[in-house]
Structures are given as structure tokens and as C-alpha cells.
Amino acid sequence: MCRSFKRRLAPAKANGLAMKDHLIIFDTTLRDGEQSPGASMTQDEKVRIALALERLKVDVIEAGFPAASNGDWGSVQAVARAVRDSVVCGLARATENDITRAAEALKPARRMRIHTFIATSPIHMREKLRMEPDQVVEAAVKAVKLARRFTDDVEFSPEDAGRSEPDFLCRVLEAVIAAGATTVNIPDTVGYTLPHRFGALIKDLRARVPNSDKAVFSVHCHTALGLAVANSLSAVLNGARQVECTINGLGERAGNAALEEVVMAVRTRQDEFPCDTRIDAREIVNCSRLVSGVTGFPVQPNKAIVGANAFAHESGIHQDGVIKSRRTYEIMRAEDVGWSANKLVLGKHSGRAAFKKRLEELGHRFAADADLNEAFARFKELTDKKHEIYDEDLQALVTESTHARVDERVKLVSLEAMSKTGTKPVAQVSLIVDGERLDAKAMGDGPVDAVFSAIEQVVGSGAQLLLFSVNNITQGADAQGEVTVRLSRNGQIVNGQGADTDIVIASAKAYVNALNRLQVAPTLRQHPQHAAEAVGMP
Ligand code: KIV
Ligand code: ZN
């Protein structure tokens with residue numbers, strides 16, 4: 001079935017010069033990224049992120065898993081309507097229902113892709129699917145053929161390929177390519193593989209699958225061992241021409257390969273890579289902030305490319321070197337990935353037009369005048385507390401305004417918190433819950449704990465606090481603090497965010513935001529890989 005032959009990816013030639021291959025960037029922030037516990041996004045938020053990804057010029061946007069829930073179906077459809085340039089993709093298990101649901105949701109897309117998958121590792125076939133290898137091949141082929149009835153652009157993934165038998169992978173890939181798959185994606189679902197092994201696997205598959213030249217080879221790596229980017233790059237060096245990745249490396253468990261790292265590694269090391277992407281890297285920081293703001297997953301300061309310290313030089317020796325020549329310690333320019341050199345943008349006297357213009361430059365468009373007015377009012381409040389307003393402040397402000405639009409059943413009206421050495425902190429809150437004003441007072445181990453207890457006295461959500469984290473948005477003593485609160489109730493996990501120059505107030509806003517999200521977050525959403533009915537086609 002599989003035959004061995006060597007085939008090199010010969011670069012095309014134009015005017016006698018070797019041309020680089022195109023490396024397709026497939027972003028799955030809205031699908032695999034959303035599978036991160038607590039990272040669920042509303043439809044509006046998904047459309048905002050999709051438009052930011054389009055400005056970034058990603059080739060393919062995986063907008064979601066339409067069969068997961070009506071909410072996911074609606075979000076995929078909304079993204080398909082909004083996006084014009086990038087291909088919009090929907091995930092589907094290898095079942096008739098999933099594929100037709102995906103095709104219906106993707107109908108408005110200018111260019112659509114259906115991505116269907118079934119597991120191929122012995123452990124997944126035996127323990128999860130309870131299917132024989134022959135049945136898996138049959139289901140995969142049937143799924144691809146059905147998907148091809150809706151679109152010419154069909155991707156197939158053998159889930160858990162990193163732990164699958166190479167011979168069986170060859171068999172499945174040959175069969176799905178013959179059935180019409182135009183992209184075959186090799187996922188390291190559990191993040192088990194190592195760079196040299198994964199690169200060798202891609203090379204081997206491309207060489208041994210007889211019709212491998214009829215499909216683009218793609219990779220999709222998870223980072224359980226911190227190797228997703230390294231594994232993806234090793235695959236690219238061995239002929240993969242699509243990388244699946246997410247902004248900030250968001251994703252299932254420890255996450256997926258980070259888009260910004262893959263793109264900048266390939267671009268910075270053009271001496272090594274025979275390909276390049278069409279990504280507009282100047283949009284990277286914006287996208288990163290947007291995804292972090294929407295999901296409530298802060299970016300660690302020492303994160304490559306998008307972390308606050310990625311281009312900061314602290315030691316005297318480094319500073320001295322960079323002043324003399326930035327190339328002594330910098331391999332990329334901060335402005336090339338979207339860090340603005342002049343970060344001070346607006347102040348107390350800035351007007352509505354300047355506010356709107358700067359946000360438009362940052363990629364944010366207001367859907368209605370009312371939204372602009374509401375955000376501008378928040379901006380004015382902020383300028384009373386903080387003299388210098390930076391891009392980061394503006395982004396936090398619009399994120400907060402969008403959060404506020406999440407059906408606000410609970411609103412924070414006022415808050416007073418007292419801490420004094422030697423006494424237990426106490427907080428008093430005033431909330432509006434479903435239109436009714438309610439007050440409560442509570443003590444706590446600290447002022448934030450007291451505030452959360454007081455809010456709970458009023459709301460009685462019974463939610464469990466899983467995470468509380470504070471980040472400063474900009475530098476300086478008057479910087480805004482951005483607080484993330486993660487709550488869980490009945491298996492549902494949500495993140496809430498709040499920003500303020502006062503951290504206790506930011507905490508209260510974040511808690512209230514999380515409570516509002518608990519009300520609206522979908523409860524009956526299937527997980528594409530964990531769902532029990534992830535079996536072959538009926
Ligand atoms: O990690 C994985 O295997 C996936 C597939 C659905 C591609 O996300
Ligand atoms: Zn995945």
C-alpha cells in the first residue's frame with residue numbers, strides 16, 4: 001500500500017531566482033483556543049477576533065465546531081459572514097451530522113473549508129472510539145467524500161497522529177487524499193512528540209504516501225512539554241506547508257503552538273526556512289492584546305514576541321549595547337511586531353474624534369454611535385484618575401465596554417473597602433441585580449476577599465473561585481490594574497475581567513463580569529475530542 005520514494009520539495013523558479021514556498025497559517029484561536037478552560041467567547045467577541053486575524057492576514061481561520069452547540073453554530077456563521085479575505089473553516093467529527101452542520105454554518109463564507117477528523121492511534125481507536133482500524137479508514141473516507149459535496153477545500157486530521165503507527169497513518173492518508181482531502185493535517189494531540197522525531201515523521205509520510213503531492217501537509221502541535229513551536233518548525237523544515245497555531249499559544253490544556261512565535265521564527269531565520277508566511281506582523285501585538293482581553297488569559301511578561309518584557313533591556317551591559325547598536329542584543333525590531341515606539345497617545349484634553357481615530361488605528365471599530373459614546377464616557381472617567389493614556393489603556397477600556405455588553409444582570413454601583421493594620425478588612429457593596437438595588441457588607445482575609453464575600457451575599461451564585469490574578473496594564477504608580485477572576489459552577493468555567501487604577505475596584509468589576517458570564521456561557525456545549533459519540537459515520 002505504501003511505497004517508499006524520495007521526493008524533494010523543489011522551490012519554484014521565477015526569472016532564474018529560487019522563489020520561497022508559501023507557508024499557510026491556519027489560526028485555531030476561535031476553536032482549539034476556546035477549548036481552554038474558561039476561554040469561552042461570545043459571538044461578538046469571536047467576530048472581533050476573526051476580523052483582527054484577517055487584518056493579521058492569516059490564511060485560514062478555524063471559527064469553531066458548529067455541531068458543539070447552537071451557540072457555536074451561530075458564531076461560525078457570524079464569522080463566515082464577516083470575514084472576506086481569509087478562508088473560514090469549521091471543525092467536524094467524521095459523522096454525517098457534524099459535516100452537514102459545519103457546511104450549513106459556513107454557507108455565507110466567501111471561501112470555506114471543512115475540517116474533519118477521526119482518531120488513528122491504537123489507544124484512541126481502542127479505548128475512545130471502540131472501532132477497528134478498518135472501520136476508522138472507512139469512516140474517514142466517507143467523511144471526506146461527504147465534505148467534498150459542499151466544498152473543494154477539505155482538510156482531514158488523523159487525531160493523535162503523534163502516537164499513531166506510521167504504517168497506519170500512511171494508509172489513512174492515502175485513502176483520504178484519494179477521497180478528495182486537499183490538506184492533511186498531522187496533529188500531535190497530546191504534545192508527546194519531539195522535534196527530530198516529528199520532523200522525521202513528516203518527511204517519512206510525504207515520501208511514503210503515494211499521492212502525497214496531491215495535498216498540503218499541515219501540522220497541529222500541542223505544548224504539553226513546551227515543544228509545540230519547535231515541533232511545528234521541525235515539520236516545516238521537513239516539508240509541512242501549513243502550520244496550525246493560536247494567538248498567545250492559547251489552547252486545550254497547556255495550549256497550541258503560538259502563532260507569533262512560529263511566524264517570527266520563520267521570518268527571522270529566512271536563512272534556514274525555504275518558505276515564508278504572508279502575515280502582517282505589525283498586527284501581532286494588537287491581536288495578542290485583544291485575545292488576552294477577551295478571554296481573560298493574561299500574557300506572561302517574559303513571553304516571546306508579545307510579553308511586556310520581550311523587548312525590554314534591564315541590565316546595564318545590554319542597555320549600553322542596544323544604545324550603541326540595537327542589533328547587539330535584538331534579533332527583531334519591536335515595531336515590526338506591533339509594539340509602538342511612541343506609546344503615549346491621549347490625555348485629559350483629547351476629544352471624541354481623536355479617541356475614535358486612535359482606536360480605529362488599533363483595529364477597533366464601533367458598531368454604533370451609542371457604543372462610541374459609552375466608551376468615550378469611560379475614557380473621560382479614566383483621564384480623571386490617570387494623566388497619560390496609552391494604547392494598552394485604550395484596549396483595556398474597549399474590552400471592558402464589550403464585557404459590559406454581556407447581558408449585565410448584575411451591575412456594580414458602588415463599593416467601599418477598609419483595611420487597617422490589626423483589624424479584619426471589611427467591604428460594603430451596592431449592586432443592581434435584575435433591576436433591583438441591593439447592598440451588603442462583609443469581612444474577609446483581605447479587602448478583595450471582603451468585596452467578593454459581600455458580592456456573594458447579594459448574588460448567592462455558589463460559584464467557586466478558581467483563579468485571581470492582577471496585571472499592571474502600563475508602567476507607573478497610576479497604572480491601571482487589570483484583574484482576571486475565574487469562576488466555576490456546575491462544570492461551567494468562565495473568566496471575568498476588570499480594569500481600574502484602584503485594584504480593589506478592578507477586582508470587584510472582574511468578579512461581577514464573571515458572574516454575568518456565568519449566566520450566558522453555553523452549558524451544553526460538546527467537546528469535539530471528548531464527546532462520547534465521536535464515532536464513525538452512521
Ligand atoms: O489536537 C487535535 O488533535 C485537534 C484536532 C481536532 C485537529 O485539535
Ligand atoms: Zn488540538
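Positions are given from 1 along the sequence. Whatever order the structure lists them in is the order used to number ligands and atoms, beginning at 1.
- With sequence neighbours left out, His22 forms a side chain to side chain contact (heavy atoms under 4.5 Å, CB included) with Ile24, Asp59, Arg278.
- Residues meeting the ring pair (Phe, Tyr, Trp, His ring centres under 6.0 Å) test with Tyr511, sequence neighbours left out: Phe452.
- Under a 4.0 Å N-O distance rule, the pair Asp98/Arg93 qualifies as a salt bridge.
- In this structure, Asp276 pairs ionically with Arg267, as a charged nitrogen and a carboxylate oxygen lie closer than 4.0 Å.
- The closest side-chain heavy-atom distance from Pro195 to Leu227 is below 4.5 Å.
- Rounded to the nearest 0.5 angstrom, Asn185 CG and Ser218 OG are separated by 3.5 Å.
- A donor-acceptor distance shorter than 3.5 angstrom exists from the side chain of Asp280 to the backbone of Arg282, with no hydrogens or angles considered.
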When you check ligand 1 against the protein, what N or O pairs turn up below 3.5 Å? List the atom names and distances, or just say none.
from	atom 1	to	atom 2	distance (Å)
ligand 1	1 (O)	His220	NE2	3.2
ligand 1	1 (O)	His222	NE2	3.0
ligand 1	1 (O)	Gln529	NE2	3.3
ligand 1	3 (O)	Thr189	OG1	2.6
ligand 1	3 (O)	Gln529	NE2	3.3
ligand 1	8 (O)	Arg31	NH1	3.3
ligand 1	8 (O)	Arg31	NH2	3.0
ligand 1	8 (O)	Asp32	OD2	3.1
ligand 1	8 (O)	His220	NE2	3.1
ligand 1	8 (O)	Gln529	NE2	3.4

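- Of all protein atoms, those of element N, O or S that lie under 2.8 Å from the Zn ion (ligand 2) number 3.
- For the pair Arg486 and Phe297, the cation-pi test (distance below 6.0 Å, angle within 45°) is passed.
- At distances below 3.5 Å, not a single donor-acceptor pair connects side-chain atoms of Asp27 with backbone N or O atoms of Val58.
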